[in-house]
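Lettering of chains follows the sequences in order, A, B, ..., and the numbering in each one begins at 1. Here the structure is a predicted model, which means the values were calculated and not measured.
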2 protein chains.
Amino acid sequence: MVRNHGKESDAPAPEGSLEQRAYAALRDALIQGGFPPGEKLSIRRIAVALGVSPMPARAALRRLAAERCLDIAPGGAAIVPLITRAEYREITRIRCLLEPEAAATAVPRLTGEEIAVLRAIAAEAKAARSSGDEETYRRGDRLLHQRFFAAAGQPLLLSLIETLWMRRSAIIAQARPLLPARPDKDDHDALIAAAETRDPAAAAEASRSEIERAAAYLMTRLRFPDDPAEPVDGWTTLRRING
Amino acid sequence: MVRNHGKESDAPAPEGSLEQRAYAALRDALIQGGFPPGEKLSIRRIAVALGVSPMPARAALRRLAAERCLDIAPGGAAIVPLITRAEYREITRIRCLLEPEAAATAVPRLTGEEIAVLRAIAAEAKAARSSGDEETYRRGDRLLHQRFFAAAGQPLLLSLIETLWMRRSAIIAQARPLLPARPDKDDHDALIAAAETRDPAAAAEASRSEIERAAAYLMTRLRFPDDPAEPVDGWTTLRRING
DNA sequence: CATGATGGAGTGTGATCACACTTTCGGGCC
DNA sequence: GGCCCGAAAGTGTGATCACACTCCATCATG
């Protein structure tokens with residue numbers, strides 16, 4: 001299983017099967033916003049881009065589709081999801097059901113050591129946001145929540161939350177240039193403070209308010225596929241010059 | 001894509017790609033309890049059992065694993081999940097978060113016609129239970145909830161609920177010989193009655209109480225992998241006959 | 001010049017083979 | 001008789017090829 005043909009190429013990940021590496025690479029690209037929503041990801045193109053045979057590429061794409069990180073076009077092609085406003089509302093709603101519960105459950109189980117780690121991650125994320133490094137911020141934000149929720153010790157709940165985050169990511173990452181002036185007033189701090197005071201209810205409330213605040217902000221700032229068409233290239237800005 | 005080699009074999013499903021058919025067949029078998037929990041499902045064995053090449057069998061198994069209908073053993077083999085008491089509690093907990101919400105959302109959107117269909121399904125299920133046909137009962141129970149929740153118009157929420165049901169099914173179907181004397185006092189009726197009176201709160205409450213009642217019942221009646229060992233075949237019942 | 005046919009490129013699906021690894025079971029040794 | 005080792009069957013992974021189908025551009029025709 002673990003084949004080491006001397007020295008593997010370089011970037012993706014020198015561990016695991018080719019499919020796992022392809023999966024991880026595509027997943028990261030998806031999170032980071034490497035693919036625009038609606039993009040068709042064909043097996044062979046992904047394969048050559050990743051430097052592997054079509055086989056692992058197909059498996060990775062199908063796995064991502066089964067996990068709802070990708071959608072399936074009529075022909076069977078994988079496409080990065082086009083999240084509508086309605087679906088974003090749905091995601092927000094489900095997050096408000098699951099994440100506060102996970103946060104509350106995690107609070108009594110978080111060790112002081114783990115809380116310190118979370119604090120460090122939050123500080124790093126805040127610094128990244130201040131310096132305008134949105135990718136690092138978003139990675140920190142994600143990691144913080146993952147580790148927080150993971151402490152709840154409910155792997156199934158964690159995986160469902162992950163599904164929602166993955167489905168959001170394509171749209172979220174699209175908002176690259178214009179992210180948070182100050183979308184949340186230290187939501188991370190509120191969450192971690194609740195953990196330190198061992199207050200599950202406060203953690204749940206912090207989680208819920210963070211989700212709703214972020215959703216309200218992004219609903220106004222983001223452009224969705226079902227929004228009325230906006231000029232995206234020069235052609236649509238052309239107007240008749242002869243009344 | 002849609003190949004019709006004259007006349008396909010027979011049973012599984014005469015529509016869709018081989019992978020889709022293999023997927024549907026395995027999924028149904030899983031729901032029905034065709035595989036005992038812990039069973040290893042190897043690609044080639046499934047392939048010959050389904051009369052297809054290893055290729056579609058592999059894809060179907062990997063897809064089911066990605067959907068958490070199956071687990072992955074260290075070697076990469078697919079195994080039907082061994083649900084522990086802790087995980088069953090987790091499933092119940094998440095269901096109590098998601099399903100009442102889905103039920104409440106569905107209520108105002110259910111048409112009178114669809115409610116009549118649900119009533120018919122519930123009646124059929126009740127009849128099947130009375131006559132001891134547990135498989136038909138369970139299929140009706142599942143279909144009833146699926147259609148009810150589907151009316152909520154939230155496909156993502158529906159798929160998450162489906163994940164939980166699928167993960168339950170291996171254990172649930174195991175309880176074949178000893179199901180409900182009367183585990184729920186017409187929970188279906190309560191749910192449908194709430195739909196007819198257009199009372200979302202009542203639907204949510206009916207959903208929640210049904211989940212908790214069923215879980216409480218099954219927790220006492222079901223045997224879980226992490227329970228202390230019990231005689232499962234003749235050998236373990238043998239006792240020393242000499243001091 | 002516009003329009004439809006036709007070719008090629010590209011697609012997902014499936015089959016088959018090769019490879020490295022794990023498991024298992026039987027025979028030989030102590 | 002018990003234990004260990006080795007061969008064989010079985011495993012998941014990956015590569016390669018074939019096939020049916022779709023899309024699109026190009027060319028020939030009206």
**Student:** Can you tell which of C:dT11, C:dG14, D:dT16 lies closest to the side chain of A:Arg45?
**Tutor:**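 Nearest nucleotide to the side chain: C:dT11.
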**Student:** Let me know the distance between CE of B:Met55 and C1' of C:dT16, rounded to the nearest Å.
**Tutor:**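 These atoms are roughly 10 Å apart.
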**Student:** Picking from C:dG14, D:dG14, C:dG12, which would you name as closest to the side chain of A:Ala77?
**Tutor:**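 So the nucleotide nearest the side chain must be C:dG12.
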**Student:** I want to verify a distance call: between D:dG14, C:dG14, C:dG12, whose nearest atom is closest to the A:Ile43 side chain?
**Tutor:**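 Of D:dG14, C:dG14, C:dG12, C:dG12 is nearest to the side chain of A:Ile43.
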**Student:** Nearest 0.5 Å please: distance from the CG atom of A:Leu98 over to the CZ atom of B:Arg93.
**Tutor:**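 If I round to the nearest 0.5 Å, the distance is 11.0 Å.
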**Student:** B:Leu61 has an atom CG; how far is it from atom P of D:dT13, in whole Å?
**Tutor:**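 Between P of D:dT13 and CG of B:Leu61: 10 Å.
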**Student:** Measure CZ/A:Arg62 against P/C:dT11 and give the value in whole Å, please.
**Tutor:**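 Atom CZ in A:Arg62 sits about 15 Å away from atom P in C:dT11.
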**Student:** Heavy atoms, side chains only, cut-off 4.5 Å: are B:Val80 and B:Leu70 in contact?
**Tutor:**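 Counting from C-beta outward, B:Val80 and B:Leu70 do come under 4.5 Å.
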**Student:** Between B:Lys40 (NZ) and D:dG10 (P), how many Å, whole number?
**Tutor:**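 Answer to the nearest Å: 13 Å.
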**Student:** For B:Leu41 and D:dG12, give me the distance from atom CG to atom C1', rounded to whole Å.
**Tutor:**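 After rounding, the gap between these two atoms is 14 Å.
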**Student:** May I have the distance from B:Leu70 (atom CG) to D:dG12 (atom C1'), rounded to whole angstrom?
**Tutor:**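 Going from B:Leu70 (CG) to D:dG12 (C1'), I get 15 Å.
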**Student:** Write down the distance between OH (A:Tyr23) and P (D:dG14), rounded to a whole number of angstrom.
**Tutor:**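 For the pair A:Tyr23 OH and D:dG14 P, the rounded distance is 15 Å.
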**Student:** Run the numbers on A:Arg45 and A:Glu39 for salt bridge (charged side-chain N to carboxylate O under 4.0 Å, His left out), then give the verdict.
**Tutor:** CA-CA 12 Å; A:Arg45 288 169 57 98; A:Glu39 177 95 343; 5.1 Å; no
**Student:** Closer than 4.0 Å, any side-chain N/O of A:Arg44 to the OP1 or OP2 of C:dA9?
**Tutor:**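 False: A:Arg44 side-chain N/O out of range (4.0 Å or more) of C:dA9 OP1/OP2.
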**Student:** Among C:dT11, D:dG14, C:dG14, find the nucleotide with the atom closest to the side chain of A:Ser42.
**Tutor:**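 Of C:dT11, D:dG14, C:dG14, C:dT11 is nearest to the side chain of A:Ser42.
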**Student:** Within this structure, what is the CD1-to-C1' distance between B:Ile72 and D:dT13, rounded to whole angstrom?
**Tutor:**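 That distance rounds to 13 Å.
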**Student:** Do A:Arg58 and C:dG12 have a side chain to base donor-acceptor pair shorter than 3.5 Å?
**Tutor:**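 Answer no: no donor N or O sits under 3.5 Å from an acceptor.
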**Student:** Do B:Asp133 and B:Tyr137 have side chains that approach each other closer than 4.5 Å (heavy atoms only, starting at C-beta)?
**Tutor:**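 In short, these two side chains do not touch, never coming nearer than 4.5 Å.
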